[in-house]
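Below, chain A is the first sequence line, B the second, and so on; all start at residue 1.
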Number of protein chains: 2
Amino acid sequence: MKEVLPVFNSAVSIDCVLFGFDGGELKILLIERNEEPFKDWWALPGNLVGENESVDQSASRILHELTGLSDIYMEQYYTFGEVDRHPQGRVITVAYYAMLRLGGDKALKPLTSYAKKAQWINVKELPKLGFDHQHIFDKGLEKIKRRIKHLPIAFELLPEKFTLTQVQNVYELILGKKLDKRNFRKKILSFKVLKELDEKQKGVSFRAATLYKFDKRKYAKLFGKEISF
Amino acid sequence: MKEVLPVFNSAVSIDCVLFGFDGGELKILLIERNEEPFKDWWALPGNLVGENESVDQSASRILHELTGLSDIYMEQYYTFGEVDRHPQGRVITVAYYAMLRLGGDKALKPLTSYAKKAQWINVKELPKLGFDHQHIFDKGLEKIKRRIKHLPIAFELLPEKFTLTQVQNVYELILGKKLDKRNFRKKILSFKVLKELDEKQKGVSFRAATLYKFDKRKYAKLFGKEISF
DNA sequence: ATATACTGTGTATTTATTACACTAAGTAAT
DNA sequence: ATTACTTAGTGTAATAAATACACAGTATAT
């Protein structure tokens, strides 16, 4: 116990929706909790905001603890503040999402104590989540759906070199609908952020597609402008 | 003083950017503080989140205390969580904005103790604000700029009956640029949320413009779709 | 009657969006 | 070598949306 002014009676936490694209599926990173409340339940990675870190720093720390990754752009998208959302007291949580480039299944580090394990799970097959985390996830997905229509954030999920079909897959998974191939290519190339490489896809049992990479400088300029899918 | 678990050592507050349109100007409601810290400074209306209210409820309460208005749609837009943003302890603040219909200068109620006075102030002539409130305001304005391009939220600032020129003025003030009259009208009417009335503007010393009102039902349907200016 | 100040309207051009289907190229199996 | 298979890659026409641009009409004030 600790003595404080009566107004300092709440806690603030961070929860993260970490998106990854792997094996043709859109996934998020979930942890299996090792602590009460919701011990043994799946949940979004999250933690209390420390006394000496900003909420942004806290989000980056959580990401780093789980994946070893730093310098990832994390977008704060909503703060959830229902009175009873946490069974042990007043905890208001600030939600962030990030788009991660998964290189296979790496990017998972030794875990901190509050989690038994962490796993990338297809967003179409999510288990039951503790707290109000299903709701937090739903809002996050909604958010990136809206965002991907205006900004080509999909590239952040892809490996450095990718095919146009892969880009289209990501769009279709996030938006939840099929897109026309020719129109999609016309549009995505019209942003002029993609560089065609002198290189083809490898290890496929059919005609290999041309690889592209994206031009970070031009891409950065696009933030500011808005574009649509 | 109060004894709590050590993690419950922070406070959460709400700050509100309340937009109004009056006398051809875009204004926000500011208070002059009557308490430390920043006593006698101008600041955004805000308060601590109570133990038994959600953050959304808290925002509505603050609006109600200052203006007497209820049932106003308030949009949460960002949470500010720098370690040192409040001089007296760890206070994380959740920012909301709302668009209000000002009927002249009414809509200001007897004030709560923490404020000496409240006043609608032109966004182009803001005084120096306490805390990080200038930053919070800047983000809020940015947010409605982006939002007004997609949704016709401007009507929420206007009186029940308005002219198309008034609508255009609001857009120009928020976006900070001039728009073409014919194109603006074509576009705004194409949404089909405006009803032309059999009535003209009164009390002007020139040709009176036709009044319109907006159709809340059709307007509600537009949320969901996205449109652009 | 005249000056003033704002209202209200149309068209042509350019740009973006949508709808739509086949051939080309590589791989795998026989 | 032939064939079957699978995905890559491409163009055009039709429609819709965005932009650029200027002047006559009408109420008011003097």
Rounded to whole Å, please give me the gap between [atom1] in [X] and [atom2] in [N].
| X | N | atom1 | atom2 | result |
| --- | --- | --- | --- | --- |
| Phe206(A) | dT27(C) | CZ | P | 10 Å |
| Gln201(A) | dT6(D) | CD | P | 16 Å |
| Ile188(B) | dA18(D) | CD1 | P | 12 Å |
| Tyr171(B) | dA18(D) | OH | C1' | 16 Å |
| Lys149(B) | dA17(D) | NZ | P | 19 Å |
| Arg182(B) | dC21(D) | CZ | P | 10 Å |
| Phe191(B) | dA18(D) | CZ | P | 8 Å |
| Leu189(B) | dG8(C) | CG | P | 11 Å |

*Would you kindly compare Ala208(A) and Ser205(B) by the position of their nearest DNA chain D nucleotide and give the one closer to the 5′ end?*
Ala208(A)

*Pick the nucleotide of DNA chain D nearest each of Lys181(B) and Lys186(B); which residue has the one closer to the 5' end?*
Lys186(B)

*asked:* Less than 6.0 angstrom separating the ring centers of Phe80(B) and Tyr78(B), yes or no?
replied: yes

_Phe38(A) ring center within less than 6.0 Å of Phe131(A) ring center_ = yes

Counting only heavy atoms not in [X], do more than 12 sit closer than 6.0 Å to its [atom1] atom?
| X | atom1 | result |
| --- | --- | --- |
| Glu32(B) | CD | yes |
| Lys192(A) | NZ | no |
| Gln134(B) | CD | yes |

With heavy atoms under 4.0 Å as the rule, sort [X] into base, sugar-phosphate or nothing.
| X | answer |
| --- | --- |
| Thr210(B) | sugar-phosphate |
| Thr165(B) | sugar-phosphate |
| Thr163(A) | nothing |

*Can you find a side chain N or O atom of Arg185(B) that sits less than 4.0 Å from OP1 or OP2 on dT9(C)?*
no

*Can you find a side chain N or O atom of Lys187(A) that sits less than 4.0 Å from OP1 or OP2 on dT17(C)?*
yes

_For a quick check, tell me whether the side chain of Arg207(B) and the base of dT26(D) share a donor-acceptor pair closer than 3.5 Å._
no

_Quick check on DNA chain C: between Asn183(A) and Val204(A), whose nearest nucleotide comes earlier from the 5' end?_
Asn183(A)

